[in-house]
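First up is the structure itself, then whatever we jot down about it.
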Amino acid sequence: MDASPPWRGFFDENGGVKVTFSVFFSLLVNGLSMGMIYAMIAMGLILLIRAVGVLNFAQGDLLMVGAYIACVLFMDFQPPFYIAAPLSLIFYALLGLVFMLSTYWPLRKASYPVAPIIATMGASLVLSEGTMIVFGSWPRTISPLLKNSKGKALTINIFGTRLQAQFLLIIVVAVVVMSLIYLLFEKSYIGIMMQAAAQDKPAAELMGISTFMTTAVTYMLVTVLVSIGGYMVAPVYTVTTSLSALQLRAFAGTVIGGFGSIKGAIIGCLLVGTVESFATVKFSSYKDAFVFLILIIFLIFRPQGLIINKVADKA
């Protein structure tokens, strides 16, 4: 009788795939790290809906542009990290400000209520095609933040499993950044002002709250959030305009978790990332199909998502 522990293999011998604990743990970490990237996109979506009432269809494109900005700064100009990192944050914030001034502010009083949302669809095409014109269609690479002595991606041994440190760094950075932005919006005086301006703009103006400033700060913070995600995921993927497609999985995770709930969106995105990761073991070509199959099941049997939030009505 085989005395091997049960976690030594997860698929039967005739299944064509033998998943050891090492492979299982590696897939889990990879799935959670990508889930955190999707969660950063989803959190930005929900914050814009809460503060402005706009569903941003260019969220993935902002992530993609953030990856290109990081690639240019860190790979082409190659300044020290303590200079490149603040510069990239400044560029991300300026990108958010320009995005707000071009897609939302001129259309905020349009007679057609969904005009700002349609503008984000157009902005998505402009960002994608504009990036391709400026940087070309060839994939670019960016070196990982954590390297070994040979300059290659650092790997760490955890529970006998060799993991890329970049995946673990993604999880840590995503948790820290999302926690800070969540506390800013939910617990700070500035966040309360932003929510007050979103709920009743005329009353907020009468109280001396500048709706332009609150809207601009919201867009800049959301863009910084997703652009950091682009910088973190760039060493894992090649830097191409196809990075914008990550938004589709973030949408799926947002709906699964409950549209309007930040906590639900994070849970939903982690689920999407994990399912996608494990689907690559045997169904690599159909991993997206598995993700959207789960989405369809939720839409049929629990359309309100895992966590119900009243803010979902605004979307």
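Start at 1 with the first residue, then count along the sequence. Both backbone and side-chain heavy atoms feed into the values below; hydrogens, waters and symmetry mates do not.
The two atoms that bring Met36 and Val175 nearest to each other are CE-CG2, 3.6 Å, heavy atoms only. Here the shortest heavy-atom pairing between Pro79 and Leu73 reads CD-O, 2.9 Å.
To the nearest 0.5 Å, atoms NZ (Lys263) and CD1 (Ile307) are separated by 7.0 Å. Rounded to the nearest 0.5 Å, atoms CG (Leu55) and CD1 (Ile118) are 12.0 Å apart. Rounding to the nearest 0.5 Å gives a distance of 14.0 Å between CD1 of Ile266 and CG of Leu271. The OG1 atom of Thr215 sits 10.5 Å away from atom CE of Met220, with the distance rounded to the nearest 0.5 Å. Between atom SG of residue Cys71 and atom CZ of residue Phe77 there is a gap of 11.5 Å, rounded to the nearest 0.5 Å. In this structure, OG on Ser188 lies 12.0 Å from OH on Tyr182, to the nearest 0.5 angstrom.
Both Val134 and Ile69 belong to a common hydrophobic cluster when Ile, Leu, Val, Met, Phe, Trp and Tyr are linked at side-chain heavy-atom distances under 4.5 angstrom. Cluster membership for Ile300 and Val275, using ILVMFWY side-chain heavy atoms within less than 4.5 angstrom, is not shared. Criterion: ILVMFWY side-chain heavy atoms under 4.5 Å apart, direct or through other members. Under it, Val226 and Val126 are not part of a common hydrophobic cluster. In terms of hydrophobic clustering, with Ile, Leu, Val, Met, Phe, Trp and Tyr side chains grouped at heavy-atom distances under 4.5 Å, Phe290 and Leu299 are assigned to a common cluster. Hydrophobic clustering of Ile, Leu, Val, Met, Phe, Trp and Tyr side chains at less than 4.5 Å, counting indirect connections, unites Ile158 with Phe21.
The side-chain heavy atoms of Leu146 and Ile156, taken from C-beta on, include no pair separated by under 4.5 Å. Put simply, the side chain of Leu145 does not reach to within 4.5 Å of the side chain of Val173, judged on heavy atoms. Put simply, the side chain of Ile170 reaches to within 4.5 Å of the side chain of Val236, judged on heavy atoms. Contact check for Asp288 versus Arg249: side-chain heavy atoms found under the 4.5 Å cut-off. The closest side-chain heavy-atom distance from Val255 to Phe298 is not below 4.5 Å. Residues Asn56 and Phe99 have side chains in contact (heavy-atom distance under 4.5 Å, counting atoms from C-beta outward).
Not counting sequence neighbours, Phe167 has no partner by the ring-ring contact (aromatic ring centres under 6.0 Å, His included) test. Listed by chain and number, the residues in a side chain to side chain contact (heavy atoms under 4.5 Å, CB included) with Ser102 amount to none (sequence neighbours excluded). Scanning for side chain to side chain contact (heavy atoms under 4.5 Å, CB included) contacts around Ser277 gives Leu27, Asn30, with sequence neighbours left out. Looking at residues two or more places apart in sequence or on another chain, you find a side chain to side chain contact (heavy atoms under 4.5 Å, CB included) between Pro139 and Thr238, Thr240. Every residue meeting the side chain to side chain contact (heavy atoms under 4.5 Å, CB included) condition with Leu293, not counting sequence neighbours, appears here in chain and number order: Ile297.
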Under 3.5 Å, which donor-acceptor pairs do the side chains of residues 39-49 form with other protein atoms, sequence neighbours left out?
none

Between side-chain atoms of residues 87-95 and protein atoms elsewhere (two or more places apart, or another chain), which donor-acceptor pairs fall under 3.5 Å?
| from | atom 1 | to | atom 2 | distance (Å) |
| --- | --- | --- | --- | --- |
| Ser88 | OG | Ala84 | O | 3.3 |
| Ser88 | OG | Ala85 | O | 2.6 |
| Tyr92 | OH | Gly66 | O | 3.0 |

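Residue pairs meeting the salt bridge (Lys or Arg N to Asp or Glu O under 4.0 Å) criterion with at least one member in residues 130-144, sequence neighbours excluded, are Asp76-Arg140. The stretch residues 160-174 participates, sequence neighbours left out, in these side chain to side chain donor-acceptor pair (under 3.5 Å) pairs: Ser22-Thr161, Thr155-Arg162. Pairs passing the salt bridge (Lys or Arg N to Asp or Glu O under 4.0 Å) check and including a residue from residues 124-134, sequence neighbours excluded, do not occur. The side chain to side chain donor-acceptor pair (under 3.5 Å) pairs that include a residue from residues 218-234 number zero, where partners must be two or more places apart or lie in different chains. For residues 103-118, no residue pair satisfies the side chain to side chain donor-acceptor pair (under 3.5 Å) rule, not counting sequence neighbours.
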Problem set entry | Candidate pair Ser124 and Asp61, rule side-chain hydrogen bond (donor to acceptor under 3.5 Å, both in side chains), full reasoning | CA-CA 6 Å; Ser124 174; Asp61 297 275; 2.5 Å; yes

For this session: Show your working on side chain to side chain contact (heavy atoms under 4.5 Å, CB included) between Val291 and Leu295 and close with a plain yes or no.
Result: CA-CA 6 Å; Val291 170; Leu295 174 61; 5.9 Å; no

Exercise. Side chain to side chain contact (heavy atoms under 4.5 Å, CB included) between Phe251 and Phe292: does it pass, once the steps are laid out?
Worked result: CA-CA 10 Å; Phe251 269 130; Phe292 289 100; over 6 Å; no

Exercise. Between Leu221 and Val217, does a side chain to side chain contact (heavy atoms under 4.5 Å, CB included) hold up when you go through it step by step?
Worked result: CA-CA 6 Å; Leu221 286 175; Val217 170; 3.8 Å; yes

Problem set entry | Steps toward side chain to side chain contact (heavy atoms under 4.5 Å, CB included) verdict (Arg50, Ile262) | CA-CA 10 Å; Arg50 284 186 173 184; Ile262 293 178; 3.9 Å; yes

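Taking the six-membered ring wherever Trp is involved, the centroid distance between the rings of Phe278 and Phe24 falls below 6.0 Å.
Counted within 6.0 Å of CE on Met213, heavy atoms from surrounding residues, nucleotides or ligands total 12 or fewer; the atom is thus considered open.
A distance-only check finds no donor-acceptor pair linking the side chain of Ser128 to the backbone of Leu125 [under 3.5 Å].
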